[in-house]
Colleague: 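Here's a structure for you.
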2 protein chains.
Amino acid sequence: MVTIVDVAKHAGVAPSTVSYVLTGKRPVSAETRLRVRESIRLLGYHPHAGARALASSRTNVLALVLPLREGVHLPVVMRFVTSVVTAAREHDMDVLLVTADQGAAGLRRVAVGARVDGFLVMDVGLDDERIPVLRELGRPAVLLGYPAAVKGLTCVDLDFGAAGARCVDHLAELGHRSIGFLGAPGVVYARNTGFAQRTLAGFSAAVMRRGIASTALPVEQRRDAVHAVVATLLRELPRMTALVVHNEAVLGWVVDCLRAAGRRVPDDVAVVAICPDELAEQLRLTSVELPSEVLGRRAVELLMAKLNGQQPPPLTLLPPNLSSRTGFAASAAG
Amino acid sequence: MVTIVDVAKHAGVAPSTVSYVLTGKRPVSAETRLRVRESIRLLGYHPHAGARALASSRTNVLALVLPLREGVHLPVVMRFVTSVVTAAREHDMDVLLVTADQGAAGLRRVAVGARVDGFLVMDVGLDDERIPVLRELGRPAVLLGYPAAVKGLTCVDLDFGAAGARCVDHLAELGHRSIGFLGAPGVVYARNTGFAQRTLAGFSAAVMRRGIASTALPVEQRRDAVHAVVATLLRELPRMTALVVHNEAVLGWVVDCLRAAGRRVPDDVAVVAICPDELAEQLRLTSVELPSEVLGRRAVELLMAKLNGQQPPPLTLLPPNLSSRTGFAASAAG
DNA sequence: GTGAAAGCGCTAACAA
DNA sequence: TTGTTAGCGCTTTCAC
């Protein structure tokens, strides 16, 4: 194995100099730096991660804590994971996967065992049990989603409240006066999940403010359930001309069911979705983007800031971004 | 920070004894072992991963190399990831995420930097560029999917050839004499991806053997494309009474399109899918399971065997498992 | 069955 | 601007 001593000998310098060339923690003359770099390349030297971690108490690894439970849309998680890994690599960081089922013990294990420098925690609920543990561990952490009290934390999220309101505003400006809302499965609301409740709250406040008629319903991820709930909505809100859908898993079925019920989309019912752009693009629906990539990147950047001793604000909310898609509706079967 | 020395002092033994209690690499009297365990618990001791890696040249981390490119079904990847993490934890291993876009350099970096003990590589193609790199690195690796030449490697996969044949056998036994096949997007076949080609090969050989009429077509992941391809199939194979679908992303649409074309499923056209059980269950379709969980677990076990110096066989093929679902077809819209 | 002590490869304080 | 060296916390050989 090639060690730092080998490189030092080869370049005719001290081991510490090689270290400083690598970390940049102290100035090295251009000439030596070049020579050292060349030796590193020639010998194919890669610093030993463990030795580095031991000596510097920095691992250059961050823990990504994933949910993977009912109601989370897997493609969204994957997009997020990808952007986190990519952004992390740009900061010379690797990503260790911790699944939520490992729970608080898992967090403690990787933190106390000095396996990671910090945490990225996805899918944080309004009263998340992991938060006290994270506080206790005292390791830098960034949360996706946010609990009721954000003091002393660092959280990022889409501004779901604003997203719900944005959909209403858009539809209201188009003249709609009766708007339905289809949300996540009931269990998601029962679980006190921040994003679902905040979207609904934003929607409700906006329709209230404008005096628009509305009905909101949860939707399970089964085709027959979608069929039933769409029927209910059409019955309860007979003059409905627009629909906001915050449930990417059933979005396609909702459109199918509306068409099957004789409603043209978007002519009779304008559908606005809160979902990944890709999906909305595919279904040709106006939508508020679920910016997984931006969120992942931002989360990594906030974590890096904390690792560098900075104190970012407790809550970063990304403004919603509505894309109007008024082209031809893709219609096939159904 | 609590170190092994603290624990040793607290228990009144030598640091090495604590180490041996933890690793089990040499017998310790029941009495001392108990005392040490108690001290560990009391002090909340977790060994420092870096120090351990440095001293033992074992990191207890495995690298999971993920694809994340066009044509891979994200939920399947996630299921696989979950089972890998779960199985790894049962062997006291953590999982480091490496995305395929980091390429060969990424593999080299984590291997030479002694960040991981071994590799799990997903979505291996018939002529995968990462294989020579893995050979060169000499680190234990297990591949999911397999290249043309498996000599000296360790590969696991579903026996896709047998899966394709199994579908035909099942349908032939039910009396079907004209069977269609809808596969992955064209690009997947062009990329020389093992699983797609092997399924098709197994299907083709089986229909040939039985003298069954058949047509096979690739399917893109757009609704209109599905509509078109189903129309083509019904035209080309007018007496078709059964259909094998190996493309989970469009499976729902295929059923929709058949029904829209006036064919009852499964009465007029019996559909057999090769897809995750969950999806088939939801659509009430007979299917050959895509056993992500089993594959992930098996892959981890093979890797652990290699890390323990064993030499598992170069190719493990899981036999296909067909579940017949002949209950009522769920019909909603369409 | 247990202890003592020599490293593992690197970083960072101290020295020049 | 660069070199010297003492650890970081653990494993493992050697000795008892």
Side-chain angles (χ1 to χ4, degrees), chain A residues 1-37 39-40 43-61 92 109-117 307 309, chain B residues 1-37 39-40 43-61 92 94 109-117 307:
Chain A
M1 189 201 182
V2 184
T3 74
I4 201 170
V5 175
D6 299 326
V7 175
K9 280 186 185 144
H10 186 271
V13 298
S16 55
T17 301
V18 178
S19 174
Y20 287 122
V21 167
L22 250 23
T23 62
K25 287 188 182 172
R26 117 177 160 183
V28 175
S29 75
E31 194 203 355
T32 351
R33 193 170 41 216
L34 230 67
R35 224 173 47 248
V36 169
R37 287 248 168 77
S39 301
I40 289 176
L43 301 180
Y45 168 70
H46 286 259
H48 187 291
R52 204 171 229 193
L54 183 54
S56 68
S57 33
R58 270 273 241 153
T59 63
N60 276 28
V61 176
D92 198 30
R109 188 180 56 78
V110 296
V112 180
R115 250 167 231 282
V116 301
D117 295 330
L307 288 174
Chain B
M1 189 203 182
V2 183
T3 73
I4 202 171
V5 175
D6 300 326
V7 176
K9 280 185 186 147
H10 187 270
V13 297
S16 55
T17 301
V18 178
S19 175
Y20 288 121
V21 167
L22 250 22
T23 62
K25 287 188 182 170
R26 114 176 161 185
V28 176
S29 77
E31 194 203 355
T32 355
R33 194 172 37 214
L34 230 66
R35 225 174 45 250
V36 169
R37 287 251 168 76
S39 300
I40 288 176
L43 302 181
Y45 168 70
H46 286 260
H48 187 290
R52 204 169 229 194
L54 182 54
S56 68
S57 34
R58 270 275 241 150
T59 64
N60 277 28
V61 176
D92 197 30
D94 274 301
R109 188 179 56 79
V110 297
V112 181
R115 249 169 231 284
V116 301
D117 295 330
L307 288 175

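Just so we're on the same page: letters track the sequence lines, and every chain starts at 1. As a basis for the values below, the full set of heavy atoms in this structure was taken, side chains included, without hydrogen atoms, waters or symmetry mates.
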Colleague: Excluding sequence neighbours, so at least two apart, what forms salt bridge (charged side-chain N to carboxylate O under 4.0 Å, His left out) with A:R37?
Modeller: none
Colleague: Calculate, to the nearest 0.5 Å, the distance between atoms NE2 and CE belonging to A:H48 and A:M1 respectively.
Modeller: 5.0 Å
Colleague: For the base of C:dG3, is there a side-chain donor-acceptor partner from B:R26 under 3.5 Å away?
Modeller: yes
Colleague: Calculate the interatomic distance between A:M1 atom CE and C:dC8 atom P; express it in whole Å.
Modeller: 12 Å
Colleague: Counting the atoms with a prime plus P, OP1 and OP2 as sugar-phosphate, which does A:S57 contact under 4.0 Å by heavy atoms, base, sugar-phosphate, or nothing?
Modeller: nothing
Colleague: Do B:T3 and B:D6 come close enough that some side-chain heavy atom pair is under 4.5 Å?
Modeller: yes
Colleague: If the helix axis at each end comes from five base pairs, how far does the helix from C:dG1-D:dC16 to C:dA16-D:dT1 deviate from straight, to 10°?
Modeller: 30°
Colleague: Any sub-3.5 Å donor-acceptor pair from B:R115's side-chain atoms to A:A49's backbone N or O?
Modeller: no
Colleague: How would you label the contact of A:G12 with the nucleic acid (heavy atoms, under 4.0 Å): base, sugar-phosphate, or nothing?
Modeller: sugar-phosphate
Colleague: Applying side chain to side chain contact (heavy atoms under 4.5 Å, CB included), run through A:V61 and A:D117 and close with a yes or a no.
Modeller: CA-CA 6 Å; A:V61 176; A:D117 295 330; 5.8 Å; no
Colleague: Does A:K25 have a side-chain nitrogen or oxygen under 4.0 Å from the phosphate oxygens OP1 or OP2 of C:dT11?
Modeller: no
Colleague: Is any side-chain heavy atom of A:L22 closer than 4.5 Å to a side-chain heavy atom of A:Y45?
Modeller: yes
Colleague: Measuring from B:S39:OG to B:I4:CD1, what's the distance to the nearest 0.5 Å?
Modeller: 12.0 Å
Colleague: Give the intermediate values and the outcome of side chain to side chain contact (heavy atoms under 4.5 Å, CB included) for residues A:V13 and A:T32.
Modeller: CA-CA 8 Å; A:V13 298; A:T32 351; 3.6 Å; yes
Colleague: Quick one: are A:L307 and A:R58 in side-chain contact, heavy atoms under 4.5 Å?
Modeller: yes
Colleague: Using a 4.0 Å heavy-atom cut-off, does A:S56 contact any base of the nucleic acid, only the sugar-phosphate backbone, or nothing at all?
Modeller: sugar-phosphate
Colleague: Contact between A:R109 and B:H46 at the side-chain level, heavy atoms closer than 4.5 Å - yes or no?
Modeller: yes
Colleague: C:dA12 P sits how many Å from A:I4 CD1, rounded?
Modeller: 11 Å
Colleague: So B:T17, base contact, sugar-phosphate only, or nothing? Heavy-atom distance under 4.0 Å.
Modeller: sugar-phosphate
Colleague: Can a side chain N or O of B:S29 be found less than 4.0 Å away from OP1 or OP2 on C:dT2?
Modeller: yes
Colleague: Can you tell me how far P of C:dA12 sits from CZ of A:R58, to the nearest Å?
Modeller: 10 Å
Colleague: Using whole Å, what does the distance between atom C1' of nucleotide C:dA5 and atom OH of B:Y20 come to?
Modeller: 12 Å
Colleague: Could you give the start and end, 5' to 3', of the contact zone on DNA chain D for chain A, using atoms under 4.0 Å from its heavy atoms?
Modeller: D:dT1 to D:dG9
Colleague: Just how far, in rounded Å, is C1' of C:dG9 from CG of B:L54?
Modeller: 5 Å
Colleague: Does the base of C:dA4 carry an N or O that pairs as donor and acceptor with the side chain of B:S16 under 3.5 Å?
Modeller: yes
Colleague: So does A:Y45 get a side-chain nitrogen or oxygen closer than 4.0 Å to the phosphate oxygens (OP1/OP2) of C:dC10?
Modeller: yes
Colleague: Counting just side-chain N and O atoms, does A:R52 come under 4.0 Å of either OP1 or OP2 of C:dT11?
Modeller: yes
Colleague: A:H46 or B:V13: which one's nearest nucleotide on DNA chain C is closer to the 5' end?
Modeller: B:V13
